Each structure stands twice: as structure tokens, then as C-alpha cells.
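Worksheet: the structure to be examined is printed underneath.
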Amino acid sequence: MKKNKIAFLIFDNFNSDTKMFFGDMLASLYSGFLKNRGINNDILLVLFNNGNPRNNEIVFKDLIEHLKKRKYEYLFLRSKWSPEIINKIIYEIGDRLFFLNTEIGRRKFELLSGARVSEMDFQHNFYPNFSYKIFGCKTRLVQRSSVLFFSDECKSNNKIYANPFYKKLLKNDSLNSWKGCSYCSSGFHLTTDGLRKLERNTRVRVIRKQIEYLMNNLPSLRIIDLVYPENYFDDLFEIVNDAKFNSLSFYINLRPDILVAKRRAIEKILLVMKKKKTAFLISNLGFENFSEKELLILNRNYTPDANLDALKIFCYFKKKYPENWRTQVSSASFILFEPFTAVSDLLINIQQINRMKDYFKSFAGLSFHKLRVIKNTPIFSLAQHSGLISNSNLAQDLAGLSIDGYSGEGVSYRFLDSKINKVFESFDSLLCSQNADNFKIANTKFLHVEALSRSLQLLLMS
């Protein structure tokens with residue numbers, strides 16, 4: 001086998017109690033693709049423990065020693081991780097690090113492999129490599145979960161030029177063809193591996209073949225992680241109904257519009273799961289916002305009413321199929337802070353969440369987030385056009401990211417409404433001091449709700 005000094009670098013959080021990790025399926029696929037073409041490579045899995053920073057320093061030191069010893073010519077990074085760690089690696093080994101999810105990284109991979117990334121259709125090329133060199137754990141590990149790669153195409157394909165908030169930017173030709181959310185870097189890269197274009201029976205056969213490969217190569221496999229699950233629900237019934245896969249459950253993140261649109265297909269699957277004692281493990285339902293204006297700015301293709309419908313369906317499934325619609329780790333997530341957020345938007349969200357509080361108790365927790373604004377996305381252009389991103393701040397934000405072509409980290413911005421700066425600072429401060437005497441609440445499930453309510457009260461009182 002021809003030897004090339006190539007490695008795929010994966011960072012992952014590690015649970016020392018369960019000895020479980022998730023890895024990175026796409027890195028495994030790329031690695032297996034190279035091996036199948038006679039090109040040797042390594043997968044380096046770096047496991048960090050959030051509760052043990054001193055041990056993490058040792059893990060990082062071991063990784064750097066390995067990288068220096070092997071002198072890889074090409075190091076491909078898949079997982080988005082702390083820029084601080086990434087820059088440490090660059091400082092130690094030089095600029096040999098490439099992100100596979102960027103155009104430059106893909107070009108490098110194509111030159112090495114002699115094949116276009118688009119040729120990696122997983123109908124014929126599904127042979128992921130699960131042989132990892134592990135840093136951060138010396139005991140035997142169990143990989144109970146793996147990703148099923150049916151399609152990497154997000155169905156959020158609403159075009160930006162139809163959105164009234166972005167009409168002023170239409171002179172920017174690169175944004176005219178943008179599809180999907182205004183803040184997501186996949187807006188330029190909506191691709192498909194071709195499986196969704198196959199005839200249904202062929203499609204199901206390919207999915208079944210993938211799962212069989214995973215089960216043969218990962219004997220401890222119990223959970224299939226569905227990427228963009230909206231692409232699976234119509235075909236998953238036949239898979240779940242197959243006796244070979246009786247032990248498998250499915251891990252999913254959901255969008256409100258998809259939950260509403262696919263309700264019947266999902267319930268049909270749940271009826272089979274009820275007999276087999278398998279389940280959907282719900283990770284996240286991204287409501288994002290109850291303000292119609294905010295959903296427009298985020299270019300989500302659903303309304304606040306769709307959020308309410310999805311919330312009710314979620315609770316209905318939990319009540320009717322408690323063992324099969326598992327919500328122990330589920331989060332109702334919201335993007336409540338973005339450059340153009342107004343106080344009225346925050347009030348709408350707090351009022352609606354409080355009104356529907358009994359429904360939200362079905363989730364393990366609620367989380368409120370500040371939008372990460374990524375360079376070259378529509379909302380970045382809108383914020384820059386509105387003077388909310390200064391050129392000096394932008395240069396400073398990007399200076400530390402010396403990997404060519406990488407733009408995945410957010411840039412600094414201020415809010416158009418200066419009052420929101422005060423609200424966010426107060427909200428962030430309360431979350432950081434949640435154990436302090438001045439901020440104790442009985443139900444931590446609604447911690448973010450209480451922190452934002454308190455912050456808005458402080459603003460109105462000042």
C-alpha cells in the first residue's frame with residue numbers, strides 16, 4: 001500500500017464514566033475512501049474531558065509529540081473546536097492543517113486522492129474506517145453510536161432574495177443564489193450524494209446496506225445518528241420494521257417545520273418502535289424564535305405558529321410513546337440574540353414561553369443563544385452594511401485563524417439597539433453566577449428563561 005503522510009484529526013468530548021465517544025463519521029468515510037484507493041492514512045481521535053483541564057494539557061502534549069514525530073504532510077481537521085487549540089497546533093507543527101469543510105480543504109483532498117469529493121457517492125463508496133489512534137484514554141472504549149450517511153442536504157432551501165430584509169444586499173451576486181438560513185455556512189454548499197434521487201426501493205436497499213456495514217464493524221453499535229433526519233422519515237419505516245435491526249435506536253435533531261410536515265411518517269415509525277422497544281432519542285428541537293421578524297432575519301422558512309404546532313406534537317408524542325420518544329437529553333433551543341434583536345422581540349419570546357410553560361416541561365431544558373455570525377453569510381453582510389461589524393474588529397477576529405479558507409468561527413458584532421447590549425450582558429452575567437445568593441431558582445430547567453426575565457426587568461427599572 002502506498003504510504004502517504006496524511007492524518008485526519010478529530011476532537012471529541014469524552015465521558016470517562018461510560019467510556020463512550022462519538023468520533024466523526026465523515027472523517028471515517030474520507031479515511032476509508034483513501035484506504036480503498038491504496039492510500040494509507042491515520043485517524044487521530046483526541047478525547048478531552050471537560051472536568052479535568054490538567055489532564056487535557058497532558059493529552060494535548062502527547063498529540064503534539066506524535067504530530068512532530070510522524071511529520072504528517074497533510075493534516076485534515078473535521079471537528080470545529082476551540083480556535084485557541086487550533087492555533088496551538090499550527091504554532092507547534094506549522095501551517096499543514098486544512099479544514100475538510102472548506103473549499104481549499106476539499107481541493108487538497110481531491111489532489112491527494114485523485115478523485116472529486118462529489119464522486120464519493122455513498123451508494124457505492126460506503127466503507128468508513130473505524131481504526132483510531134486514540135489520545136486521552138488508555139482503557140477499552142465503546143463506540144455505541146455512528147452516523148448514517150444518506151444525504152448531507154439540508155431542506156431549508158428558502159432563497160435569500162425573496163426575503164425583504166436582504167433586498168438591499170442583492171447587488172452582491174454571491175448572495176443571490178443563497179439558500180437556507182441566513183447565518184449557516186452551508187448555504188453555499190447544499191449538496192447531495194445522489195441517494196435522494198434514487199428510486200425508493202433502491203434507496204432503502206442502500207440505507208440497509210450501510211447499517212449492516214456499521215453493525216458488522218461496530219459490534220457494540222446501538223444508536224444511529226441521523227444527519228438531517230427529514231431526509232429519512234419516508235424510508236425509515238421499512239428499516240425499523242426489519243428484524244435485523246431490532247436493537248437499534250435513532251438519535252435526531254429536529255426543526256419545527258419538519259416535525260409538523262412529517263408527523264404521520266414519524267408516528268408510523270413510533271408504532272413499530274413500540275413493539276420492538278427501540279426509540280427516537282431527541283437531542284434538540286430548534287424553535288429559534290417566537291418573533292416573526294426574527295425568524296425572517298434568520299431566514300427560517302416557518303412561522304411562530306409552526307413553532308406552536310411543533311411544540312404540541314412533541315408533547316403528544318412524549319405522552320403517547322414515552323418509551324419510544326425519549327426526551328431525557330432534549331433541549332428546546334432558541335437564538336434570541338442577533339445583531340438586529342429588539343427588546344420587543346425578547347418580550348414576545350418570554351411571554352410565549354411562559355404561556356406555554358406546561359408544554360416546555362416536556363424538555364430536559366431550554367437554552368437561549370447569541371447568534372454566531374460567520375463571515376460571508378447574508379446576516380454577516382447585513383450587519384456589516386448596517387455598521388454593526390467594524391473592520392478593525394473583523395481583522396482582529398480573523399487574525400488568529402491562520403488556516404487558509406477557514407471561516408467557521410464567529411466575528412464580533414454589536415447590537416443595533418444599544419439596550420440589547422445591556423440586556424445580554426446582564427443575562428450572561430446571571431448565567432455565570434447562577435449559584436450566587438442573588439440568583440437561585442427552584443427549577444434549573446427554566447434557568448435561561450429566569451435569567452432573561454430578570455435582565456429585562458432590570459432594564460425596564462433603570
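Each residue takes its place number in the sequence, starting with 1. Only a predicted model underlies this, so the values are computations on that prediction, with no experimental measurement involved.
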Could you tell me whether [X] atom [atom1] has more than 12 heavy atoms of other residues or ligands within 6.0 Å of it?
| X | atom1 | value |
| --- | --- | --- |
| K293 | NZ | yes |
| Y359 | OH | no |
| E212 | CD | yes |
| K419 | NZ | no |

From [X] [atom1] over to [Y] [atom2], what is the distance, rounded to the nearest 0.5 angstrom?
| X | Y | atom1 | atom2 | value |
| --- | --- | --- | --- | --- |
| L456 | N349 | CG | CG | 10.0 Å |
| I252 | L226 | CD1 | CG | 7.0 Å |
| D42 | K35 | CG | NZ | 7.0 Å |
| I269 | L236 | CD1 | CG | 4.0 Å |
| L308 | T303 | CG | OG1 | 8.5 Å |
| D62 | E57 | CG | CD | 12.0 Å |

Would [X] and [Y] count as a cation-pi pair here, with the cationic atom under 6.0 angstrom from the ring centre and within 45° of the axis?
| X | Y | answer |
| --- | --- | --- |
| R263 | Y316 | yes |
| K262 | F233 | no |
| K370 | F424 | yes |

Start with the C-alpha gap between L63 and L9, add the side-chain angles, then the distance that decides, and say whether side-chain contact (heavy atoms from CB on, under 4.5 Å) holds.
CA-CA 10 Å; L63 170 67; L9 182 58; 4.0 Å; yes
Is [X] reaching over with its side chain to a backbone N or O of [Y], donor-acceptor style, under 3.5 angstrom?
| X | Y | result |
| --- | --- | --- |
| D235 | V204 | no |
| S249 | A279 | yes |
| N163 | L296 | yes |
| S453 | V449 | yes |
| N217 | L214 | no |
| S28 | P128 | no |
| S182 | I297 | yes |
| N354 | I350 | yes |
| N299 | L295 | no |
| N307 | N289 | yes |

Should the ring pair [X] and [Y] be called parallel, tilted or perpendicular, given that the plane angle runs from 0 to 90° and is split at 30 and 60?
| X | Y | result |
| --- | --- | --- |
| H369 | H448 | perpendicular |
| F334 | F290 | tilted |
| F360 | F363 | tilted |

Report the C-alpha distance between E267 and K320 in whole Å, list the side-chain angles of each, state the deciding distance to 0.1 Å, and finish with yes or no for salt bridge (Lys or Arg N to Asp or Glu O under 4.0 Å).
CA-CA 10 Å; E267 186 158 22; K320 189 169 182 180; 3.6 Å; yes
Flag the pair [X] / [Y] as yes when at least one side-chain heavy-atom distance between them is below 4.5 Å, and no otherwise.
| X | Y | result |
| --- | --- | --- |
| I211 | F245 | yes |
| F337 | L346 | yes |
| L45 | F135 | no |
| F109 | L34 | yes |
| L248 | T278 | no |
| S333 | L285 | no |
| L366 | F446 | yes |
| C181 | R300 | yes |

For [X] and [Y], which I'm curious about, is there any donor-acceptor pair between the side chains at under 3.5 Å?
| X | Y | value |
| --- | --- | --- |
| R454 | Q457 | no |
| S283 | N253 | yes |
| E294 | T341 | yes |
| T327 | K318 | yes |
| S331 | S367 | yes |
| K274 | N324 | no |
| E338 | Y183 | no |

Minimum heavy-atom separation for [X] and [Y], please, with both atom names.
| X | Y | result |
| --- | --- | --- |
| F280 | I266 | CE1-CG2, 4.0 Å |
| A310 | L259 | O-CD2, 3.4 Å |
| A451 | L430 | O-CD1, 3.5 Å |
| L458 | S426 | CD1-OG, 3.6 Å |
| P304 | S291 | CG-C, 4.2 Å |
| V59 | G136 | CG2-CA, 3.5 Å |

side-chain contact (heavy atoms from CB on, under 4.5 Å), that's the test. Do F250 and V240 meet it? Break it down for me.
CA-CA 10 Å; F250 296 86; V240 173; 3.8 Å; yes
Would you check, one step at a time, whether the test side-chain contact (heavy atoms from CB on, under 4.5 Å) holds for L44 with F8?
CA-CA 6 Å; L44 312 179; F8 295 87; over 6 Å; no
F76 and Y30: aromatic ring centres closer than 6.0 Å?
no
Any salt bridge between [X] and [Y], counting N to O under 4.0 Å?
| X | Y | result |
| --- | --- | --- |
| E238 | R208 | no |
| K312 | D309 | no |
| K244 | D242 | no |

Residue pair R255, N284: steps toward the side-chain hydrogen bond (donor to acceptor under 3.5 Å, both in side chains) verdict
CA-CA 8 Å; R255 292 166 47 100; N284 177 68; over 6 Å; no
Please assess F98 against L77 for the test side-chain contact (heavy atoms from CB on, under 4.5 Å), listing each intermediate value before the final yes or no.
CA-CA 6 Å; F98 301 95; L77 180 64; over 6 Å; no
